[in-house]
There are 2 protein chains.
Amino acid sequence: MIDPGQKIWSNGAIARATGQHTMGVGFVASGKPRVVDMKALKVACQTCSLYELCLPLGLENKDLDELDRIVKRQRPLQRGNYLFHVGDPFKSVYAIRTGSVKTYTCNDEGDEQVTGFHLPGELVGLDAITSGRHPCAARALETTSLCEIPFSRLEELSSHIPGLQRQLLRLMSREILEEQNMMVWLGKKTAEQRLALLLLRIARNQHERHFSPYEFNLSMSRTDIGNYLGLAVETISRLFSRFQQDGILTVERKHVVIQDMDRLRQIAHPDDCPLDTGKVLC
Amino acid sequence: MIDPGQKIWSNGAIARATGQHTMGVGFVASGKPRVVDMKALKVACQTCSLYELCLPLGLENKDLDELDRIVKRQRPLQRGNYLFHVGDPFKSVYAIRTGSVKTYTCNDEGDEQVTGFHLPGELVGLDAITSGRHPCAARALETTSLCEIPFSRLEELSSHIPGLQRQLLRLMSREILEEQNMMVWLGKKTAEQRLALLLLRIARNQHERHFSPYEFNLSMSRTDIGNYLGLAVETISRLFSRFQQDGILTVERKHVVIQDMDRLRQIAHPDDCPLDTGKVLC
DNA sequence: ACCGTTTTTTGATCTGGGTCATTGCGGGAG
DNA sequence: CTCCCGCAATGACCCAGATCAAAAAACGGT
């Protein structure tokens, strides 16, 4: 049994937290005053805390400057706002700074098919390069700040900054790999395993960003989770109940505390080989 | 009902054909004498029939030459030969010229998990860029000829040939998209739909290479298919029987004739939106 | 042509998770 | 504070596809 975190949250605290900041952002962050937020908006790649997860990794200062100059940083998106719609012409990729995004397509009947949840440090829109149009829509699951990177300029830039090209390819490769893993999950993992895997992925992202991996808020609804994992909402709901009964999690609406990380890992990878080259798997 | 092809194959013909050439290579190809095969091995990108599917697409002659110079073309691999093993250091990507390849990982118990089938014109190994090691093994499903492209040189080259960089990114993007689709299939498609989709993908590849989309040989075993699609072998077998009964296919061991392409499509996409931007879906 | 091994097919049975229906709950509007 | 309304939880039942078992067909080697 692992220490779940610093404190137990009262219902009141949770209620406040779910309003604006989810996915752990509001929880472990230091208590900077509000005013700094505006400055943080102007943050440059050189000072961004996601440096090691994002495109700039490995770039020298001069190159970083150049990259920084093509990045557009608008005001944060609100929950439900779109980054782009299905069929929109492909102009930019987006790096997520804080918050989270879901991508999805929908069929004629209008029901959604969630194709991915995207967490801070990930790039969104890479699947649109081939056709020049976005094959899926992307919308913010919570208040989300982004860096928009015009793709034509990124392409241009990466042809004379070898490190940038390498990192771009690396991020795309990571996405391919992640999706391969996802395929494997969906193909032959049980409902239990799928949910465990998703929770571990979120925990890992928390960890990479120096937040507690044991405690976070889900920014997505059970419906979205079920949709993404190829399961019925009811199943997700039952699973959360079961995990809680078994002492693996404490779940209170959106707020999740992982009480027993080892057992969660065990559920997710009962016998898998650690093909875990790099830190792509959880 | 669509004309399934030029002729009905006798059992004898099939028996002969399954020996060497599968995936349609031997079927519709013109009757060149054996000797030419050796020359074909020396084929350059400029004359390759896969030009529009592969890296060279969009390059001018001069650039093509440069690319051509870094490509290594060895003798064809035999069925079961490895391109690389799990954990091998990442040196090259491989373009498939003829034949087919499966990629897979395996867990501690030693049972395989097929992560992909790769057909002519596709690149294999792109998932290894991030970690620098191959996260899965790749082996030939039949006699397969490849172009090996040393990745460091490809990276180098693509920084001063913009068209090459673009096409590399495009191919990686295509892979991301294909895998997203695969995820959707596995998440919420029935067994019927999954198999139909796989058959359509093969048919599309046949078509792109100017072979008949109605008739081909499966290079992979039912076990591999089941593994890939997240289904039991028995289910695959039953499905082939059912499709045959219903007059959708004629299946004779590895040899498949699609008798009713429309119905197959209908099974695969009962209500899907044509998010089919580009020709990524079937 | 024969024999052991592997792959495929088919049948019988079982079950994880889907579907349908109901109830509970929290948060926002008034 | 109360009334909705959409999300979440729980129960009852069912079915697609897994699993188990066994026969049949195809293959590789000698």
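Chain A is the first sequence line, chain B the second, and so forth, proteins listed ahead of strands; every chain is numbered from 1.
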Do side-chain atoms of B:Asp88 reach the backbone of B:His134 as a donor and acceptor pair under 3.5 angstrom? no
Heavy atoms only, 4.0 Å cut-off, all strands: where does A:Ala191 land among base, sugar-phosphate and nothing? sugar-phosphate
Take atom CZ of B:Phe243 and atom P of C:dT9, then tell me their distance rounded to the nearest Å. 13 Å
Nearest-Å distance, CZ (B:Arg79) to P (D:dC27)? 11 Å
How many whole angstroms separate atom CD of B:Glu252 from atom C1' of C:dT9? 14 Å
Without decimals, in angstroms, what is the distance between A:Leu239 CG and D:dA8 P? 14 Å
Figure out the CD/P separation between B:Glu192 and D:dA18, and round it to whole Å. 13 Å
B:Thr144 side chain vs B:Ser100 backbone, donor-acceptor pair below 3.5 Å: yes
Answer yes or no: does a side-chain N or O of A:Ser237 lie under 4.0 Å from OP1 or OP2 of D:dA8? no
Is the side chain of A:Arg263 donor-acceptor paired with the backbone N or O of A:Asp246 at a distance under 3.5 Å, no angle test? yes
Atom-to-atom span, CD of A:Gln245 to P of D:dT10 - whole angstrom: 8 Å
Which listed nucleotide (C:dT8, D:dA8, C:dT9) is nearest to the side chain of B:Ser221? C:dT8
Is A:Gly230 touching bases, backbone alone, or none of the nucleic acid, heavy atoms closer than 4.0 Å? sugar-phosphate
In whole Å, I'd like the distance from the CG atom of A:Asn227 to the C1' atom of D:dC7. 15 Å
Polar side-chain contact A:Arg238-D:dG11 base: donor and acceptor under 3.5 Å: yes
Atom NZ of B:Lys254 to atom C1' of D:dA25: distance rounded to whole Å? 13 Å
Any side-chain N or O of B:Thr235 less than 4.0 Å from the OP1 or OP2 oxygen of D:dG17? no
Out of C:dT9, C:dT7, C:dT10, which nucleotide sits closest to the side chain of B:Arg253? C:dT7
Closest-nucleotide 5' rank along DNA chain D - winner of B:Arg242 and B:Glu234: B:Arg242
Do A:Gln113 and A:Tyr104 come within less than 4.5 Å of each other through their side chains, counting heavy atoms only? no
Base, sugar-phosphate, or nothing for A:Ser241, non-hydrogen atoms under 4.0 angstrom? sugar-phosphate
Assign B:Ile236 to base, sugar-phosphate, or nothing according to its heavy-atom contacts below 4.0 angstrom with the strands shown. nothing
Do the side chains of B:Arg194 and B:Leu197 get nearer than 4.5 Å, heavy atoms only? no
